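On a predicted model such as this, the values are computed, not experimentally measured, just so you know.
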Amino acid sequence: MKRTLSLMAAVAIVPSMALAAEGDSLTIVSWGGAYTMSQEKAYHEPYSEKTGTQILREDKSANALAGIRSQVEAGNVTWDLVDMLQADAQRACDEGLIMEVPHDEWLAPSPDGAKPTEDFIDGTLGDCFIPQILYATMFAYNEEAFPDGGPKTVADVWDLEKFPGTRSLQKIPQKNLEWALIADGVPADEVYEVLATREGQDRAFAKLDEIKDNVIWWSEGAQSPQMLADQEAVIATAYNGRIFNAQVNEDQPFKIMWDHQMFEVDGWVVPVDQSENDLKLIKDYLYFATDTQRLADQAKYIAYAPARKSSVPLVGKMDGTDIDMKPHMPTTPENFETAVQFDTSFWADYGDQLEERFNAWLAQ
């Protein structure tokens, strides 16, 4: 049975910024690296300056679902706010590990008065989920490894003869199975229908078998750009913001391959069993951090698209530079031409089964 709680019932809605009491703090869990830096600049620092609340950071989102489970089961919830992928958030919501959110009561309207449920991009809100950004996981490569030109399609990643070298893939079945089917000729709009069948799953794993001996696996977002920089891998899956950061701030010779990028939503969830005071602080922070200007501000620091429609026109130049951030967004039409929406409902239904099979396949 679902054990979700309603935040509306748990805490009064206070839409204005309240000054923090002495010693007030929030423990916020995120991904680390360039992404957390963008949150610090756009959300954490201005909020702390405005209210006096201290933000305590933990970079543990890679294992957020397991972390929340263990804390709730132990009756010792220490995380106030967790940055989580939408698919994992749906699973956590179904398990009663995180709280339901009354979006129109709890979040700020757009500058023209539109309700949050009208202003956030369609399909991004969840019962227990507050979106921040749309981002892409896609393939990138080190141009120095391919002086005659690098891969252009997902199928090229499987072409070990034309594009030799080690690939680096995230150590999860999500996206890898979809790309394997695309590389095997399945049209993108049929991928999830095929993957829902035993035959389709067999086909995806068989395709992964073709490159398995040429793969090293990553589990933290910083690892794949570093592998590319060291040429430990010549092609890697990565978050587009990580590659952009390496290109611009580290002058790395990386090239993004936008073909069949997998885009998805990342955002906030609140673990259950919060104290009344912590819930007030959490709500106050989120009202501020997810408003139109703050989500647009995050795009000054990282190439992820804001999840609010009203934020998109406000995206401008990268902080301290003349770099226009709009062309680097996953949602830019040129980049979005073959984009595939990551199906969170599919992975909520099939995630446990396919993760078990994927881990067994890795161990073979």
- side-chain contact (heavy atoms from CB on, under 4.5 Å) with Glu264: which of Thr137, Ile133, Thr344, Leu134? Thr137

- Please name the residue in the list Leu169, Asp259, Thr153 that meets the side-chain contact (heavy atoms from CB on, under 4.5 Å) test with Phe139. Leu169

Can you tell me how far apart [atom1] ([X]) and [atom2] ([Y]) are? Round to the nearest 0.5 Å.
X: Ser275; Y: Asp80; atom1: OG; atom2: CG; answer: 7.5 Å
X: Met37; Y: Glu45; atom1: CE; atom2: CD; answer: 10.0 Å
X: Glu118; Y: Leu125; atom1: CD; atom2: CG; answer: 11.0 Å
X: Trp218; Y: Lys171; atom1: CH2; atom2: NZ; answer: 13.0 Å
X: Asp273; Y: Ile98; atom1: CG; atom2: CD1; answer: 13.0 Å
X: Thr237; Y: Arg167; atom1: OG1; atom2: CZ; answer: 12.0 Å

How close do [X] and [Y] get, counting heavy atoms only, and between which atoms?
X: Arg91; Y: Ala348; result: CG-CA, 3.9 Å
X: Leu107; Y: Leu286; result: CD2-O, 4.2 Å
X: Pro164; Y: Val234; result: O-CG2, 3.6 Å
X: Val340; Y: His260; result: CG2-CD2, 3.8 Å
X: Pro330; Y: Phe336; result: O-CD1, 3.1 Å
X: Thr124; Y: Phe120; result: OG1-CB, 3.8 Å

- Query: For residues 303-330, which residue pairs qualify under ring pair (Phe, Tyr, Trp, His ring centres under 6.0 Å), counting only residues two or more places apart or in two chains?
  - Reply: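 The answer is Tyr35-Tyr304, Tyr135-Tyr304, Phe244-His328.
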
- ring pair (Phe, Tyr, Trp, His ring centres under 6.0 Å): which pairs involve residues 58-82, sequence neighbours left out? none

Flag, side chain of [X] to backbone of [Y], donor-acceptor distance under 3.5 Å:
X: Arg57; Y: Ser30; value: no
X: Gln252; Y: Gln247; value: no
X: Asp291; Y: Arg294; value: yes
X: Lys212; Y: Trp361; value: yes
X: Glu178; Y: Lys175; value: yes
X: Asn240; Y: Ala136; value: yes
X: His103; Y: Gly126; value: yes
X: Gln231; Y: Asn142; value: no

Check whether more than 12 heavy atoms from other residues, nucleotides or ligands sit under 6.0 Å from atom [atom1] of [X], and answer yes or no.
X: Glu193; atom1: CD; answer: no
X: Glu250; atom1: CD; answer: yes
X: Glu356; atom1: CD; answer: no
X: Lys115; atom1: NZ; answer: no
X: Asp251; atom1: CG; answer: no
X: Lys326; atom1: NZ; answer: yes

- Item | Donor + acceptor pair across side chains of Ser110, Asp112 (<3.5 Å) |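 Note: Ser110 and Asp112 side chains meet the donor-acceptor criterion.
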
- Message: Under a 3.5 Å cutoff, is there a donor and acceptor pairing between the side chains of Asp83 and Ser61?
- Response: no

- Task: Check the pair Ile68, Met84 against side chain to side chain contact (heavy atoms under 4.5 Å, CB included), reporting the backbone distance first and the verdict last.
- Result: CA-CA 11 Å; Ile68 294 174; Met84 182 179 275; 3.6 Å; yes

Salt bridge check: are [X] and [Y] linked by an N-O gap of less than 4.0 Å?
X: Asp284; Y: Lys280; value: no
X: Asp202; Y: Arg357; value: yes
X: Lys207; Y: Glu210; value: yes
X: Arg203; Y: Asp184; value: yes

Using the rule that two of Ile, Leu, Val, Met, Phe, Trp, Tyr join whenever any of their side-chain heavy atoms come within less than 4.5 Å, decide whether [X] and [Y] are in one cluster.
X: Val194; Y: Trp158; value: yes
X: Ile121; Y: Val315; value: no
X: Ile323; Y: Tyr301; value: no
X: Leu85; Y: Val29; value: no
X: Ile211; Y: Phe358; value: yes

Check whether any side-chain heavy atom of [X] lies under 4.5 Å from a side-chain heavy atom of [Y], and answer yes or no.
X: Met318; Y: Asn249; answer: yes
X: Glu232; Y: Gln226; answer: no
X: Asp322; Y: Lys317; answer: yes
X: Arg308; Y: Pro306; answer: no
X: Met325; Y: Lys300; answer: no
X: Thr51; Y: Tyr285; answer: no
X: Asp122; Y: Lys309; answer: yes
X: Thr166; Y: Asn214; answer: no

- Message: Apply the hydrophobic cluster definition, ILVMFWY joined by side-chain contacts under 4.5 Å directly or through others, and give me every member besides Ile243.
- Response: Met138, Leu228, Phe254, Ile256, Trp258

- Kindly determine whether Asp319 and Lys41 satisfy side chain to side chain contact (heavy atoms under 4.5 Å, CB included), including the steps that lead there. CA-CA 10 Å; Asp319 185 59; Lys41 295 295 185 183; over 6 Å; no

- Task: For the residue pair Phe342 and Trp347, categorise the inter-ring angle as parallel (less than 30°), tilted (30 to 60°) or perpendicular (more than 60°).
- Result: parallel

- Task: Measure the acute angle between the ring planes of Phe146 and Tyr141, then classify it against the limits of 30° and 60° as parallel, tilted or perpendicular.
- Result: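 Geometry flag for Tyr141 against Phe146: perpendicular rings.
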
- Run the side-chain hydrogen bond (donor to acceptor under 3.5 Å, both in side chains) check on Asp94 and Gln90 step by step: do they pass? CA-CA 6 Å; Asp94 291 343; Gln90 185 60 54; 2.9 Å; yes

- For the pair Tyr47 and Tyr43, evaluate ring pair (Phe, Tyr, Trp, His ring centres under 6.0 Å) and give the outcome as yes or no after the intermediate values. CA-CA 6 Å; Tyr47 181 76; Tyr43 313 152; over 10 Å; no

